[in-house]
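All values below come from the heavy atoms of this structure, side chains included, with hydrogens, waters and symmetry mates left out.
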Amino acid sequence: KDYKGKEVKDKIVMIEGEFDEDTFEDFLFDTGIAAENARVAGIVIIVKKLPVQKTKWALSPNLLFVYVTPEIAERLGKGASLDYYAKIEKGKKECIYTDNVVVRINAPAEANPNRECVVIGAHYDHLGKYKKNDTLRIMYGADDNASGVATMIEYARYFSKHRELLKRDIICVAFGSEEARNIGSNYFVDNPLIPLSTIKAMFNFDMTGRMANNKVEINGIGDVAGAFALLSTLPNPEKLNLMILMSKEGNTDYISFKLKNIPALSFSTGMHKEWHTYKDTEDKINYRGMKRLYNYVLPLISRFAFENLTLTSIINGKQSSSK
């Protein structure tokens, strides 16, 4: 279930594991989550006894799950065709209905004649609920991503109180269906309410509620020198440990903007063992940590909102940031 360091994107993966009917749904859920994040095309699961019940994988209806016995797996390993030995059941493709919630905080018209803007986003969807052994389990999603939504709302509160100083509009978006491969944010950039050329930066917040060891993860960086040149100018009185993740790809909403060549950064306090489980509850939220992250990023967003900062080093590797 751990694909770290393995090139499995768009490939078929074979998994062998011991599990019974009581643990099968948990196994399937964990396996599906890992495969979804690794962008696996399909999974061949080796089981001693083929499952009778139809399994449902709600998050990824197009992910192929194939169950084979050890004997068939051995034949496959010798080059036999999967079509002869396994019945492939592909999840029925369903239409997903979702909503984005969008709020615009307008700068004074004379200060922003071109209607430029900064987008602050966070996804508000999660995994819903499921049953195990007739017990209903709710996937609360306190960190993923009620924490990010709360962070976004606090920025909306701040900039709405200082709108007379704005030189760009602030657009706050709560995205739907991030957990189903960024459907909400993809729709936002593919069907823009405003010209994409007016969006000068996008800041995303996904899982900001479980800070440990003062760590903040920053994703979306394309050029490390340009990133350090920018981030080193920000005050850091809390001595946050910044983990800069050099990546042009990602599995949360900022990537939808980067693919449109819009500078975008995503901030998080990192993963934990309760991620995508029913144990992601409010009592585990580190509120002081959320405030530390908020205070660190606020001056950065403010430079875009109040000072007309532009930044290209994030997306194209050029060490350039200018007003």
Side-chain angles (χ1 to χ4, degrees), residues 102-122 147-175 194 196-209 211 214 216-223 226-244 253-254 257-258 262-269 287-315 319-323:
V102 185
V103 173
R104 185 166 190 152
I105 304 169
N106 291 319
E110 63 276 11
N112 189 23
N114 297 322
R115 301 301 305 277
E116 293 182 350
C117 61
V118 175
V119 173
I120 304 174
S147 63
V149 173
T151 301
M152 178 191 67
I153 290 174
E154 286 304 312
Y155 286 124
R157 188 198 309 272
Y158 175 84
F159 287 110
S160 65
K161 289 182 178 179
H162 298 85
R163 65 177 67 205
E164 74 281 359
L165 301 176
L166 290 173
K167 293 183 179 178
R168 288 185 176 131
D169 297 354
I170 300 292
I171 297 181
C172 293
V173 189
F175 296 109
I194 56 175
L196 293 182
S197 61
T198 64
I199 303 177
K200 298 306 174 182
M202 188 273 180
F203 298 93
N204 186 65
F205 297 89
D206 191 356
M207 298 176 63
T208 63
M211 181 179 286
N214 253 14
V216 172
E217 294 183 359
I218 306 174
N219 212 328
I221 300 296
D223 172 68
F228 277 112
L230 175 69
L231 298 175
S232 64
T233 65
L234 299 179
N236 188 9
E238 299 278 359
K239 293 182 172 52
L240 296 179
N241 299 315
L242 306 181
M243 180 177 291
I244 298 177
D253 294 305
Y254 81 95
F257 291 80
K258 284 182 68 69
I262 297 170
L265 292 175
S266 188
F267 295 86
S268 172
T269 53
Y287 290 100
R288 294 188 66 182
M290 288 181 66
K291 188 173 182 179
R292 290 189 186 106
L293 183 146
Y294 168 91
N295 288 335
Y296 176 75
V297 183
L298 179 60
L300 177 59
I301 303 178
S302 296
R303 291 179 65 185
F304 282 87
F306 297 144
E307 303 176 23
N308 283 340
L309 179 72
T310 60
L311 182 66
T312 57
S313 61
I314 296 174
I315 59 172
Q319 299 179 30
S320 60
S321 60
S322 60
K323 294 182 182 179

- Message: Side chains of D206 and N219, heavy atoms from C-beta outward: is any pair under 4.5 Å?
- Response: no

- Message: Please give me the minimum heavy-atom distance between E110 and P113, naming the atom from each residue.
- Response: O-CD, 3.9 Å

- Parallel, tilted or perpendicular, as decided by the 30° and 60° cut-offs, for the rings of F205 and F267: parallel

- Query: Rounded to the nearest 0.5 Å, what separation is found between the OG1 atom of T151 and the CG atom of L298?
  - Reply: 12.0 Å

- So which heavy atom on V216 is nearest to which on M211, and how close? CG2-CE, 3.7 Å

- Note on the structure: When rounded to the nearest 0.5 Å, the distance separating CG of N236 from CG of N241 is 8.5 Å

- Task: Apply side-chain contact (heavy atoms from CB on, under 4.5 Å) to V173 and V119, showing your working.
- Result: CA-CA 7 Å; V173 189; V119 173; 4.1 Å; yes

- Side-chain donor-acceptor pair present, S266, N204, cut-off under 3.5 Å: yes

- Residues F159, V118; criterion side-chain contact (heavy atoms from CB on, under 4.5 Å); working and verdict: CA-CA 11 Å; F159 287 110; V118 175; over 6 Å; no

- Message: For the CG atom of N308 and the CZ atom of R168, what is their distance to the nearest 0.5 Å?
- Response: 4.5 Å

- Note on the structure: When L265, I199, L196 are each screened for side-chain contact (heavy atoms from CB on, under 4.5 Å) with F257, the one that passes is I199

- Message: Quick one: does any side-chain atom of K258 pair with a main-chain N or O of G220 as donor and acceptor, under 3.5 Å?
- Response: yes

- Query: Please, which pairs that meet salt bridge (charged side-chain N to carboxylate O under 4.0 Å, His left out) have at least one residue in residues 226-244, sequence neighbours excluded?
  - Reply: E238-R292

- Query: If you look at every heavy atom in G148 and T208, which pair is closest and at what distance?
  - Reply: N-OG1, 3.7 Å

- If you look at every heavy atom in C117 and I171, which pair is closest and at what distance? SG-CD1, 3.8 Å

- Task: Rounded to the nearest 0.5 Å, what's the gap from CZ on R104 to CD1 on I170? Could you check?
- Result: 10.0 Å

- Looking only at heavy atoms, the pair that brings M290 and A150 closest together is CE-CB, 4.1 Å

- Task: Heavy atoms only: give me the nearest F304-K200 pair and the separation to one decimal.
- Result: CE2-O, 4.1 Å

- Atom pair OG/CG of S302 and L309 - distance to nearest 0.5 Å: 11.0 Å

- Task: Let me see the working for D169 and I194 under side-chain contact (heavy atoms from CB on, under 4.5 Å), right down to the final yes or no.
- Result: CA-CA 12 Å; D169 297 354; I194 56 175; over 6 Å; no

- Item | Whether Y158 and F306 hold their rings parallel, tilted or perpendicular, with breakpoints at 30° and 60° | tilted

- Message: Evaluate N114 against T198 for side-chain contact (heavy atoms from CB on, under 4.5 Å), listing each step before the verdict.
- Response: CA-CA 8 Å; N114 297 322; T198 64; over 6 Å; no

- Enter the distance from C172:SG to E154:CD here, rounded to the nearest 0.5 Å. 11.0 Å

- Message: Using a 3.5 Å distance criterion without hydrogens, assess whether the side chain of R303 forms a donor-acceptor pair with backbone atoms of L300.
- Response: no

